[in-house]
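These notes concern the structure reproduced below.
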2 protein chains.
Amino acid sequence: MGKNLTTRAEDYSKWYNELVIKADLAENSGVRGCMVIKPYGFAIWERMQAELDRMFKETGHQNAYFPLFIPKSYFSKEASHVDGFAKECAVVTHYRLKNDPDGNGIIVDPEAKLEEELIVRPTSETIIWDTYRKWIQSYRDLPLLINQWANVVRWELRTRLFLRTAEFLWQEGHTAHATKDEAIAEAEQMMNIYAEFVENFMAIPVIKGLKTESERFAGALETYCIEALMQDGKALQAGTSHFLGQNFAKAFDVKFANKEGKQDYVWATSWGVSTRLIGALIMTHSDDNGLVLPPNLAPDQVVIVPIYRDDEQFEATSNVANELMAELRSLGIRVKFDNRDTHKPGWKFNEYELKGVPVRIAIGPKDVENGTVEVARRDTLSKEMMNKSEAASAIKELLDEIQKNLFTKAIDFRKENTTEVSSYSEFKEVLESNGGFILAHWDGTPETEEQIKNETKATIRCIPIDADDASGSCMVTGKPSARKVIFAKAY
Amino acid sequence: MGKNLTTRAEDYSKWYNELVIKADLAENSGVRGCMVIKPYGFAIWERMQAELDRMFKETGHQNAYFPLFIPKSYFSKEASHVDGFAKECAVVTHYRLKNDPDGNGIIVDPEAKLEEELIVRPTSETIIWDTYRKWIQSYRDLPLLINQWANVVRWELRTRLFLRTAEFLWQEGHTAHATKDEAIAEAEQMMNIYAEFVENFMAIPVIKGLKTESERFAGALETYCIEALMQDGKALQAGTSHFLGQNFAKAFDVKFANKEGKQDYVWATSWGVSTRLIGALIMTHSDDNGLVLPPNLAPDQVVIVPIYRDDEQFEATSNVANELMAELRSLGIRVKFDNRDTHKPGWKFNEYELKGVPVRIAIGPKDVENGTVEVARRDTLSKEMMNKSEAASAIKELLDEIQKNLFTKAIDFRKENTTEVSSYSEFKEVLESNGGFILAHWDGTPETEEQIKNETKATIRCIPIDADDASGSCMVTGKPSARKVIFAKAY
Ligand SMILES: [Zn+2]
Ligand SMILES: [Zn+2]
């Protein structure tokens, strides 16, 4: 069926851009680098939010809200943080507009200049730790387990819908703990929660690991991350969780009295995922016909399309559709009955394929006669006839199967595109010919990492946590290496 | 019990400020005029959001997300809108910071000046209607029923937590319709939804009405609103819904082809409520002991406090508490068991009174022996003993009763503080001595309205919709008046 979609083989990047637009997920706005998230894209984000929020609350976290603006001086307080974040950002310098006395419309009022510029938050560690100083006095106030759902702004020169936008939506967790061990356990827990969410809910397999020093979050002692592999062989960082040590506590003077009454600095973590995950979702599952959504995430899991020529047929097929819809809903399935008379069945089929609805049901006059319905799967594009009486329970199983199938397909793809190499030349060859995750020995120095990056554009995605240690020697320098790490070109 | 809270009689405004801080709802941040919403305050907002979001979706609205920034030129496109909104606002002029070459920390990079300044949205009509131009071509695309949950910024000189802050959280609905009648029906529907929510969920009675021309939203042809009366006799506008006519469609050139293929401009509405509602909540129900929460809105509806001297008593009371908690939860009640050993029962009683938890249960060793529990109501501060076996179902009823009681109390208060006057001198007298809502005849002119405002500080809150028409003559000019309108001093 003609989607007028560039194929992935033709131009992967163009395919992605077109799909985002045509599936009604998002579009560029009149503001450079800022996107509009359209209702369908936002409904997917809402499902992600609801599930993550549940997982955060189940593990004792509470939501709160901190200011959008951060005084410029706050950024200077944590030395490494300022280098990482206070660069490309939106700066508020004035607080008033006025009518131009020369009649040129409205202008910025030069008299309304702020004494100290405000930065639109690129991330909220500084404003939050400035607040925590007031909230934390004693061990009784710890742990402090807070999450915020918010918009953030990072001025990017080259933007792409969902993957890199000047403004994006995310959640950022910021926790404070009495001990180092507790903070590390929290950072690890959140990496695990992210992995569970992304794998079980989004059907995207991830590798858990640690970032190298040069890839760490600005201000972190350790950055845990989950890395996913996209269909074009490039990696995408799907979530990060940072152990911040006492850096922010020292920068913002956040101390607590322990049980013995002694003062000590608090230990910190922060962790976040963003609307970027929608980019990962698209690039993991979708195909040349459009979006493919895992049932757990799909705003509509099933759509029913009636096929009719006249009012009588419309009524007959609608009756069957309404019955089936009620049955499916009673099983907890999200169903939509598209009975619009403004669009033809073929147009609707095309539309729901493009939008990735997992299961499409068609009901025509013949089906009414025979007590059947036609059930099409989006993931395999296969169709089967079902007896209407058995359809609801069969579709419930089918949705589970689709969820599993998408994950299995993605796991298989990753296996096929993960290569262990033993020499630098082999490394370069695989990177050029196939891409994907490449496991290789590295001597642990930022210099070698930098050299590889400059020569090949591949970065170390992570030092995997779940892999066995197996020592060897660095593919570039021949120096000793404790274990292979994962390289890839990345989004 | 000593809350160290200023009483309302002493200083209402100070009482409010202290309560917001001491009940852990919100606090001022290091950024002028911007608040931090603390976890307890945010949990209340989340309950409000969830209920409103459900009501919006049930009436066919979808959520989406539009950019935080609005190009300055967009504001000039709708003439009356620019006067109302593009004045006190946060202006982004630069997109980069750099290290000061003279070593004075970080400074704004003068080379990174934006060609066109960006305004941090004070409301999103302009950016949204700029987007709708691309979304709307035909009658098939209408109605477009979109809502956005977002932060907005209006630079205010004098701020107060929740009531008036530079940044606040809200929802803004923006809809597009094929006909004028449909748009008016939508604006009225949303006013009704707000009234239903505020009355049934927040237990705050409201008067539905129309704003006078001078109090209308900038760019609206008609502003519908709901007005509530606070304990100090001042009014608070709790929500507004605007019929925007074709103003924004014309300003942003949004046309559609109707069924006959003729081009016409689209009809618009917008509507919103904000975190300001939390201020209304506090000032309607709370007392000198702290916050009073209606059960529908309370993050914890019931709290259980164990009273014990030793481990044995702790175990015995905890067993009873856990049983009761399970029973309450099975009835859908939100319960917290505060078994912390870091705080004494008296401290906890005080804390939950301050935080407005509707029902507090105390369980001591005597209760374990006698099969009883002590149940205290926050609204009346009364206590009663209950048989533990009957407690769960009795508490369920009690929560309903508290919800109703709070609404009834507020309705009674409003009745007692609503006065009909027939002369301007009586008007001034009531306004000075008692305040409250004052019903009076007005000749319908902005001039008289302005005169009354200047002379008394009272504004017309609304032209009530549900009141009977009864003509008379204006209390100031003696000119004819079709019906009495509602005056008050307002927040
Ligand atoms: Zn990694
Ligand atoms: Zn009103």
Side-chain angles (χ1 to χ4, degrees), chain A residues 27 29-31 34-43 45-46 62-76 82 86-98 105-108 112 117-120 127 130-131 134-135 140 146 150-151 153 155 166-167 169 342-343, chain B residues 27 29-31 34-43 45-46 62-76 82 86-98 105-108 112 117-120 127 130-131 134-135 140 146 150-151 153 155 166-167 169 342-343:
Chain A
E27 65 184 34
S29 74
V31 187
C34 292
M35 66 179 159
V36 173
I37 306 180
K38 298 182 78 171
Y40 193 59
F42 201 81
W45 177 239
E46 280 183 310
Q62 294 178 293
N63 288 329
Y65 188 76
F66 297 87
L68 171 67
F69 300 127
I70 302 178
K72 195 187 68 177
S73 57
Y74 283 31
F75 279 96
S76 312
V82 61
K87 289 291 161 66
E88 310 298 320
C89 50
V91 186
V92 176
T93 56
H94 291 73
Y95 59 85
R96 197 186 301 134
L97 298 172
K98 64 169 192 175
I106 51 171
I107 57 167
V108 177
E117 296 89 349
L118 297 172
I119 314 303
V120 180
I127 186 91
D130 185 64
T131 308
K134 290 171 259 174
W135 293 5
R140 284 188 199 86
I146 307 266
N151 51 346
V153 173
W155 210 265
E167 182 191 17
L169 303 183
T342 43
H343 298 84
Chain B
E27 65 184 35
S29 75
V31 187
C34 292
M35 68 179 157
V36 173
I37 306 180
K38 299 183 77 171
Y40 194 58
F42 200 82
W45 177 240
E46 281 182 308
Q62 294 179 294
N63 289 328
Y65 188 76
F66 298 87
L68 171 67
F69 300 127
I70 302 178
K72 195 187 68 178
S73 58
Y74 283 31
F75 278 95
S76 313
V82 62
K87 288 290 162 64
E88 311 296 319
C89 51
V91 186
V92 176
T93 55
H94 290 74
Y95 58 85
R96 195 187 302 133
L97 298 172
K98 64 169 191 176
I106 51 171
I107 57 167
V108 177
E117 295 90 349
L118 297 173
I119 314 304
V120 180
I127 186 90
D130 185 64
T131 308
K134 290 171 260 174
W135 293 5
R140 285 189 198 83
I146 306 265
N151 52 346
V153 173
W155 209 265
E167 181 191 16
L169 303 184
T342 44
H343 298 83

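None of these values were measured; they are calculated from a predicted model. Here is how names work: the chains are called A, B, and so on, in the same order as the sequence lines, proteins then strands, and each is numbered from 1.
- With contacts defined as side-chain heavy-atom distances shorter than 4.5 Å, the pair A:Pro67/B:Glu167 qualifies.
- With chain B as the partner, the residue from A:Val120, A:Ile127, A:Asp130 showing the most heavy-atom pairs under 4.5 Å is A:Val120.
- In terms of heavy-atom pairs under 4.5 Å with chain A, the best-connected choice from B:Glu117, B:Lys72, B:Gln62 is B:Lys72.
- Applying the side-chain hydrogen bond (donor to acceptor under 3.5 Å, both in side chains) criterion to B:Tyr95, with sequence neighbours excluded, gives no partner residue.
- Taking the side chain as every heavy atom from C-beta outward, B:Thr131 and A:Ser29 never approach each other to under 4.5 Å.
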Check the pair B:Val31 / A:Ile70 against side-chain contact (heavy atoms from CB on, under 4.5 Å), numbers first and verdict last.
-> CA-CA 7 Å; B:Val31 187; A:Ile70 302 178; 5.9 Å; no

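- Chosen from B:Val91, B:Thr342, B:Ile146, the residue pairing most often with chain A at heavy-atom distances under 4.5 Å is B:Val91.
- With a threshold of 4.5 angstrom between heavy atoms, A:Leu68 approaches chain B through its backbone and through its side chain.
- Rounded to the nearest 0.5 angstrom, A:Lys98 NZ and B:Glu88 CD are separated by 12.5 Å.
- Of the inter-residue distances, the one linking B:His94 atom NE2 with A:Cys89 atom SG reads 11.5 Å to the nearest 0.5 angstrom.
- Only the side chain of B:Tyr74 comes within contact range of chain A, with heavy atoms under 4.5 Å apart.
- Counting only heavy atoms from C-beta outward, the side chains of B:Val153 and A:Phe69 approach each other to under 4.5 Å.
- B:Glu27 meets the side-chain hydrogen bond (donor to acceptor under 3.5 Å, both in side chains) test with A:Trp135; sequence neighbours excluded.
- Scanning both residues, A:Gly30 and B:Pro71, for their nearest heavy atoms gives O-CG, 4.2 Å.
- Here A:Trp155 is the residue among A:Trp155, A:Trp45, A:Tyr40 with the most heavy-atom pairs under 4.5 Å with chain B.
- Residue with the most contacts toward chain A among B:Ala43, B:Pro39, B:Cys34: B:Pro39 (heavy-atom pairs, distance under 4.5 Å).
- Ring geometry for A:Phe42 against B:Tyr65 counts as parallel: the plane angle stays under 30°, on a 0 to 90° scale with 60° as the upper cut.
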